[in-house]
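Input: a single structure, listed below in structure tokens.
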2 protein chains.
Amino acid sequence: MAGIESLRGFRTLEAAERERIAAATREVRATAGQVLFSAGQDSDAVWAVKEGLVHMIKHGPGGRDVVLEIVPPGDLFGAVVALNGRPYPASAVVAEPSVVWKMPATLARELCQKHPTLRAAILEHVSTRLHSAHERLCSIALEHVDQRLARQLLVLSEKIGRRENGTTLLHVTRQELADMIGTTVETTIRIASRWQQSGLIRSARNEIALVDVEGLERIAKGEA
Amino acid sequence: MAGIESLRGFRTLEAAERERIAAATREVRATAGQVLFSAGQDSDAVWAVKEGLVHMIKHGPGGRDVVLEIVPPGDLFGAVVALNGRPYPASAVVAEPSVVWKMPATLARELCQKHPTLRAAILEHVSTRLHSAHERLCSIALEHVDQRLARQLLVLSEKIGRRENGTTLLHVTRQELADMIGTTVETTIRIASRWQQSGLIRSARNEIALVDVEGLERIAKGEA
DNA sequence: GGCTTTATATGACTCGCATCATACACACAG
DNA sequence: CTGTGTGTATGATGCGAGTCATATAAAGCC
């Protein structure tokens, strides 16, 4: 299982230690939509994304969901709760065909005891996520939907955007966007349509291309 | 400076070490409304609440604020950013007459290097806050204002409520409540008035007493 | 190929809540 | 005691965005 050193915090471990981890870790190939674990389940493992993309999702009433985290390749997920032995607080749903790793929680706990740098890396990572959660709280509490959508598109372009002939391409559905910014599909589609017509974005099925990034930044700042 | 052992994660340190910390730590007495540090400032210190209450606040346009964290006695604040040497992401505002401690960031960094248990305690704490941030995100994204308010009152009763002849008393203004759940003062006041009339709460200036906790729980769950 | 499913699109209607305005009670300072 | 500020209260009004309905096009599937 090559590539464990690419995981956040695992780079500084010795090769022998990484071998041992690899031996205990299971590689799982998953298709879009697949649920790796559900909210409320006992956490027996720490997970990581090798390739692809995983969403941490909380299901609400009336079929409305909230995307709590977007987990890109190289990041752990379900880690903190597994270390503390608590049940998973949200569900992990595969957003595109992915390869994920599943490592026994007991091993992860042992590693954290033995390698302070690993725990430090996890702390750093969790802190960053707390910070971004705070920003999302501000965004949803203070800003209008179009501001939030513009902001989210810009965030996604940094996180999962692929450059393609001058524009940034995002692999994401309107439904997912809606669940990220706390609104409905219809509203997201309406705004996207409008922006498509005014040339801010170019959109297709499962895809949005950011054309006028500065225009989106203006909207995100509330200047439009 | 007595009481350092009451701080989250500092209990397991030896007495001599705590002496050293106390010697470098400054005790600050602050009145309600006082700003301990502002968003964007360089973080040169790790803070802790000895007595009283501190809010972490993000200021938005149009005078609307968001309360990101409510820091009760015994909790650190500004810790994670100070450890990483980043500027404070939000402002710390004293919510009621308080005594806070201010410890040099360099010392805090050294302590984290030396005492893995301290770092572990901070990780645990940050994880809890991330989890509660996620719950707030769901709440604000999916629920109506009255649900959010009921939920927030129940959360506050656990966190800062004082038992008083059968009811739980909260020291909080409508403005603060509004900033916690992402709405306006007027809306918060309206709902509080209604609930006061229907006997769910009993309210006064700077104060709300939870009378019918089960009724509030029903509202929080969306059953009303 | 034709059928079902999924994602996008758009209109009509409703309503929760923000906004603006005004009023009142109480705390505190001088 | 009297002014001034701060927190609470309540009404009128308007808009943003949710809800419901329907349509269309592309993707997948036998």
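Computed from heavy atoms alone, side chains included, the values below leave out hydrogens, waters and symmetry copies. Proteins get letters first, then strands, A, B, ... in listed order; numbering begins at 1 in each.
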| Which residues satisfy the side-chain hydrogen bond (donor to acceptor under 3.5 Å, both in side chains) test with Q175(A), sequence neighbours excluded? | D179(A)

| remark: Per the under-4.0 Å heavy-atom filter, residues of residues 204-212 of chain A near DNA chain C come out as R205(A), N206(A)

| remark: Expected string for nucleotides 11-19 of chain C under the B/S/- scheme (protein heavy atoms, under 4.0 Å, primed atoms plus P, OP1, OP2 as sugar-phosphate) is BB----SSB

| query | E51(A): what forms a side-chain contact (heavy atoms from CB on, under 4.5 Å) with it, not counting sequence neighbours? | reply | V99(A)

| query | By side-chain hydrogen bond (donor to acceptor under 3.5 Å, both in side chains), which residues pair with S98(B), not counting sequence neighbours? | reply | none

| task | Just jot down the side-chain contact (heavy atoms from CB on, under 4.5 Å) partners of R202(B), sequence neighbours excluded, or say none. | result | T167(B), L169(B), Q196(B), A209(B), V211(B)

| query | Which residue pairs satisfy the salt bridge (charged side-chain N to carboxylate O under 4.0 Å, His left out) criterion with at least one member in residues 147-176 of chain B, sequence neighbours excluded? | reply | E143(B)-R151(B)

| query | Partners of H131(A) by side-chain hydrogen bond (donor to acceptor under 3.5 Å, both in side chains), sequence neighbours excluded? | reply | none

| How would you list, by chain and number, every residue that makes a side-chain contact (heavy atoms from CB on, under 4.5 Å) with A79(B), sequence neighbours excluded? | V46(B), L76(B)

| said: Tell me every residue that passes side-chain contact (heavy atoms from CB on, under 4.5 Å) with R190(A), counting only those two or more places apart in sequence or in another chain. | reply: E186(A)

| said: Among residues at least two apart in sequence or on other chains, which ones pass side-chain hydrogen bond (donor to acceptor under 3.5 Å, both in side chains) with T183(A)? | reply: none

| Roughly how bent is the helix from dG1(C)-dC30(D) to dG30(C)-dC1(D) end to end, in steps of 10 degrees, with each end axis from five pairs? | 40°

